[in-house]
Each structure stands twice: as structure tokens, then as C-alpha cells.
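Here's the structure, in C-alpha cells; my notes come after.
Residues: numbered from 1 along the sequence shown. What you see is a predicted model, and the numbers here were worked out from it, not measured in a lab. We use all heavy atoms of the structure for the numbers below, so side chains are in, but hydrogens, waters and symmetry mates are not.
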Amino acid sequence: MKHATNATAASMNEMAPNVIGSEGLTSNSIVRTNGYVEGIAMDVHGHISEGSGENIFLVMDGTVITPPLSNSALPGITRHSVLTICRDLGIPVAEQVIPREMLYISEEVFFCGTAVEITPIRSVDRIKIGAGARGPVTKRIQDEFFALTGGVKPDRHHWLSPVNVPATAGAGVPVPARR
């Protein structure tokens, strides 16, 4: 995924973990009304938490930074995969509290999750991030992620579960096996 998306940081904080509410629906409608594709949520203290359905990562001085799970971040499987890939590639990683303004001065920002896989963010609150396109660190992580999950590289982490059923494409046409 070469193309980056745009996002906005929420003007409100997420509710505390012991509160039931519909903040996700509210923030998503605000996001779309204002012309953004995705929102970035804040924790109860006003620090970066996550997207509406994905984790968030920043790149600063070559280090990949993500909020700690204690900042109301989802302990996602793809988040774990990105952290593992970074370590495999020798990319420094930090889990730390992220104030909103760090989004604006980051070299790169990307989302990760089951649905979005790894999606670069070109702007936050209409402020261009880096070059306004996918950056080199995000590209390295994406390339490795898709090579591992697509079977191009060996599954050294045992993330994939083989399904020994012939797949079909469309109307019963067999799909060639990936190698």
C-alpha cells in the first residue's frame, strides 16, 4: 500500500476503561464530517492512544514509537507483528506516552491493524507528515509484513495457519498455490 491516508487527532479524550459509551461513533462522525478518513483517539490524559480501529506508530529519528498499552491502546495482533518485524530488521522501537504535538513533527506516521494492515498517514489535522507520503521506514516494515504474511518469506514466527483446502477464485476456478 503505497498511498497514504489523512487523519485527525480527536478534540476529545477517550472515556476511562471502566465507562461504557459511544465515543467511537461520535468521533467517527466528526472525522468524516470534517473530510478526514480516520480519527486518532486520545487517552483519558489527552495523550495519543490509537485510531478508531487500529494502532498507531510514529517514526522519529529512525525510531518507531507507539503508545504503551496503558494508554488505552488495543493490544492488537498486528501491533505485536509490527514490533516483532522492527526488532527483526534492527529498527529501534519505543513504547512511550505520545503527546499530540509529536504527531505533527514526526517523520512518518502509520496505522496498523487487521483491516488496515499497515497504512501510512500523509497528514494529521491537515499538517503534512514528512514528505506527505509513505516514508522509508514504513516501507521497510510493510515490505517485510507482506512478504511474511503473503508466504514470500518463510513464516519464521509461526504466524500463519495453513488451510489444506483447495481455494477457488470466483466461479470455482482453482487458485494457484502461493510459493
Side-chain angles (χ1 to χ4, degrees), residues 1-14 24 27-43 45-150 152-153:
M1 178 175 309
K2 289 171 132 179
H3 302 290
T5 190
N6 65 352
T8 185
S11 58
M12 62 190 107
N13 298 352
E14 287 196 306
S27 63
N28 251 347
S29 64
I30 292 168
V31 166
R32 302 259 189 258
T33 299
N34 288 300
Y36 297 101
V37 173
E38 189 58 76
I40 299 169
M42 307 294 169
D43 70 7
H45 303 288
H47 298 113
I48 300 301
S49 175
E50 59 188 9
S52 65
E54 58 277 318
N55 294 105
I56 189 164
F57 289 82
L58 288 65
V59 179
M60 294 190 75
D61 297 322
T63 297
V64 172
I65 303 167
T66 194
L69 297 179
S70 59
N71 277 72
S72 301
L74 174 73
I77 294 168
T78 312
R79 177 185 186 274
H80 174 76
S81 299
V82 167
L83 293 172
T84 301
I85 287 169
C86 287
R87 290 181 184 109
D88 287 353
L89 296 176
I91 299 169
V93 176
E95 293 183 62
Q96 69 182 53
V97 172
I98 301 173
R100 180 184 188 135
E101 57 272 15
M102 275 183 75
L103 292 170
Y104 309 133
I105 61 172
S106 295
E107 297 155 8
E108 303 175 40
V109 180
F110 64 91
F111 286 127
C112 83
T114 302
V116 300
E117 295 173 323
I118 299 172
T119 300
I121 300 173
R122 71 174 170 265
S123 67
V124 176
D125 297 332
R126 296 185 175 85
I127 298 169
K128 185 169 74 170
I129 304 301
R134 176 182 65 175
V137 175
T138 303
K139 181 183 183 320
R140 282 184 67 202
I141 296 166
Q142 277 184 321
D143 289 348
E144 187 71 6
F145 176 82
F146 290 120
L148 289 166
T149 60
V152 175
K153 286 190 170 184

Any donor-acceptor N/O pair, Asp125 side chain to Ile127 backbone, under 3.5 Å: no
Between OG1 of Thr119 and CD of Gln142, what distance do you get to the nearest 0.5 Å? 7.5 Å
Side-chain donor or acceptor of Thr66 paired with backbone N/O of Ile56 under 3.5 Å: yes
Which residues share a salt bridge (Lys or Arg N to Asp or Glu O under 4.0 Å) with Glu144, sequence neighbours left out: Lys153, Arg156
Would you say that Leu58 contacts Met102 through its side chain, given a criterion of any heavy-atom pair below 4.5 Å between the two side chains? yes
All heavy atoms of Leu74 vs all of Glu50, minimum pair found to be N-OE1, 2.7 Å
Can you name the residues that form a side-chain contact (heavy atoms from CB on, under 4.5 Å) with Thr84, not counting sequence neighbours? His80, Asp88, His157, Trp159
Can you confirm whether Val82 sits close enough to Phe110 that some side-chain heavy atom of one is under 4.5 Å from a side-chain heavy atom of the other? yes
Minimum heavy-atom separation for Ser106 and Val109, please, with both atom names. CB-CG2, 3.8 Å
pair Phe145-Thr78: side-chain heavy atoms closer than 4.5 Å: yes
Look up atom CD1 in Ile98 and atom CD1 in Ile65, then write down how far apart they are to the nearest 0.5 Å. 6.0 Å
Asn71 to Pro67 - nearest heavy-atom pair and separation: CB-CB, 4.2 Å
Taking only residues two or more places apart in sequence, or in another chain, which ones meet Ala131 in a side-chain contact (heavy atoms from CB on, under 4.5 Å)? none
Sequence neighbours left out, what passes side-chain contact (heavy atoms from CB on, under 4.5 Å) with Ile105? Give chain and number order. Met60
Does the side chain of Val124 come within less than 4.5 Å of Ile129's, by heavy atoms? yes
Of all the heavy-atom pairs spanning Val64 and Cys86, show the shortest one and how long it is. CG2-SG, 3.9 Å
My understanding is that only residues two or more places apart in sequence, or in another chain, count here; which of them pass side-chain hydrogen bond (donor to acceptor under 3.5 Å, both in side chains) with Gln96? none
Glu108: which residues meet the side-chain hydrogen bond (donor to acceptor under 3.5 Å, both in side chains) condition with it, sequence neighbours left out? Thr138
Is the CD1 atom of Ile77 crowded by more than 12 outside heavy atoms at less than 6.0 Å? no
Shortest non-hydrogen contact from Phe111 to Gly51? CE2-CA, 3.8 Å
Heavy-atom closest pair, residues Leu69 and Pro75: CD2-CA, 3.6 Å
State whether the side chain of Ser49 and the backbone N or O of Ser72 hold a donor-acceptor pair below 3.5 Å, judged by distance alone. yes
Could you give me the CA-CA distance, side-chain angles and deciding distance for Glu95 and Leu83, then say whether side chain to side chain contact (heavy atoms under 4.5 Å, CB included) is met? CA-CA 10 Å; Glu95 293 183 62; Leu83 293 172; 4.0 Å; yes
